[in-house]
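Note sheet for the following structure.
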Amino acid sequence: MLAPKRLLTALALTLIGTTAQAADEVVVYSSRIDELIKPVFDAYTQETGVKIKFITDKEAPLMQRIKAEGENATADLLLTVDAGNLWQAEQMGILQPFTSPVIDANIPRQYRASSHAWTGLSLRARTIAYSTARVKPGELTTYEALADKQWEGRLCLRTAKKVYNQSLTATLIETHGEAKAEEIIKGWVNNLSTDVFSDDVAVLEAINAGQCDVGIVNTYYYGRLHKQKPDLGVKLFWPNQADRGVHVNLSGIGLTKHAPHPAAAKALVEWMTTAPAQKIFADVNQEFPANPAVAPSAEVAGWGKFTADSLPVEVAGKRQAQAIRLMDRAGWN
Ligand code: FE
C-alpha cells in the first residue's frame with residue numbers, strides 16, 4: 001500500500017505519461033490515394049504505437065490549407081508526388097527544412113531538395129511506351145527522337161497541364177537549353193496522332209487500341225494497366241541509355257513550417273526511408289524504392305534495368321514556370 005504522498009506522485013507520473021503518449025501522433029496531409037499510404041502508416045503505428053492521421057485531397061488545396069492555417073497548423077507533413085509540386089510547396093514557404101543523417105544515408109542526393117525542405121520516398125520513371133504490334137524496340141532511341149518525321153501521326157501525349165509533363169520538359173530545358181528544347185517539343189506536338197489525353201492510362205489504352213504507336217507515361221500506370229490486362233500490346237522502353245538516361249521523378253514528403261509534432265514527424269519521415277517502409281511504400285504502387293539498397297518488386301524489376309538521368313529532380317521545380325511557357329508556345333495543350 002502506498003503512502004498518500006507517494007500515491008499522488010505515482011498518479012502525477014501516470015498523468016504525465018498519458019500526456020506524452022497523446023502527443024505521439026503525426027498528422028499528414030496527403031495527395032496520394034488512401035490505399036497507397038495506409039499500409040505503410042499502419043506498419044509504423046504497429047511498430048511504434050504512434051498514431052498517424054491523414055487527410056487526403058489534391059495537392060493544391062492541401063498546400064493552400066497549410067498556408068492558411070499558418071501558426072495554427074494541424075498538419076505535420078505534406079506528402080505528395082512530383083518534385084514540381086514539392087518545389088511549389090517550398091516556394092510557398094510552408095515547409096521547414098531539417099537535416100537528418102538517416103535520410104542523407106538512405107536517399108540519394110539527387111532525389112532530395114538541396115535546401116532539405118523535402119525528400120523523395122519512391123521513384124517512377126516517365127518513359128516511352130510503344131505498341132508491340134507496330135513498333136520494334138530497335139526503332140526507339142531517345143525522348144528527343146520522338147520529334148523525328150518517323151513518328152508523324154503516331155505519338156500520343158497527356159496534357160501539358162499535368163505537372164509530370166512540365167517536369168519532363170524542365171529537364172529537356174536544363175539539358176539542351178530553351179531553344180533546342182522548344183524545337184523538340186514542337187516536333188512532338190507535330191507528331192501527335194490525336195488530341196492530348198487527360199491521364200497516362202488513356203495514353204496506354206490508345207496505344208493498345210491502335211490510335212497511336214508511341215507515348216510517354218509514368219511506369220506505375222503501365223504496371224496498373226498491365227495487371228488488369230495481361231495481354232496488353234504495349235511495352236516500356238528505356239530511352240537515352242547512351243546519354244543522359246531516363247527521366248525519373250518521385251513521390252516525396254516535407255515537414256510543415258509550423259508542424260505541431262515536429263519530433264514525431266521527423267522520426268516518421270526517417271523511418272519511411274528505411275528498408276521495411278520503402279518496400280511497402282514502393283510495392284503498393286509498383287514504384288521504385290528511393291532507397292537504392294532496397295530492391296523493387298519482381299514485377300517492377302521485370303521491366304528491366306535502366307540508367308536514370310542524374311540531374312537533381314529539383315530542376316523540375318526550378319524550371320517549371322519556364323517549361324509551362326515553352327509548352328504553351330509550342331502548342332502543347
Ligand atoms: Fe500519377
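Numbering of ligands and ligand atoms starts at 1, following listing order.
- By the 30° and 60° cut-offs, the orientation of the rings of Phe306 relative to Phe288 is perpendicular.
- For the Fe ion (ligand 1), the neighbouring protein N/O/S atoms at less than 2.8 Å, given as residue and atom, are Tyr164 OH, Tyr220 OH, Tyr221 OH.
- Salt-bridge formation is detected for the pair Arg126/Asp200: a Lys NZ or Arg NE/NH1/NH2 atom is positioned less than 4.0 Å from an Asp or Glu carboxylate oxygen.
- Clustering of Ile, Leu, Val, Met, Phe, Trp and Tyr side chains at separations under 4.5 Å leaves Ile324 isolated, with no partner residue.
- Each ring pair (Phe, Tyr, Trp, His ring centres under 6.0 Å) pair with one or both residues in residues 28-60, not counting sequence neighbours, appears once here: Phe41-Phe54, Tyr44-Trp271.
- Side-chain contact between Val27 and Pro260: absent, with no pair of heavy atoms (C-beta onward) separated by less than 4.5 Å.
- Applying the ring pair (Phe, Tyr, Trp, His ring centres under 6.0 Å) rule to pairs touching residues 97-140 yields nothing, sequence neighbours excluded.
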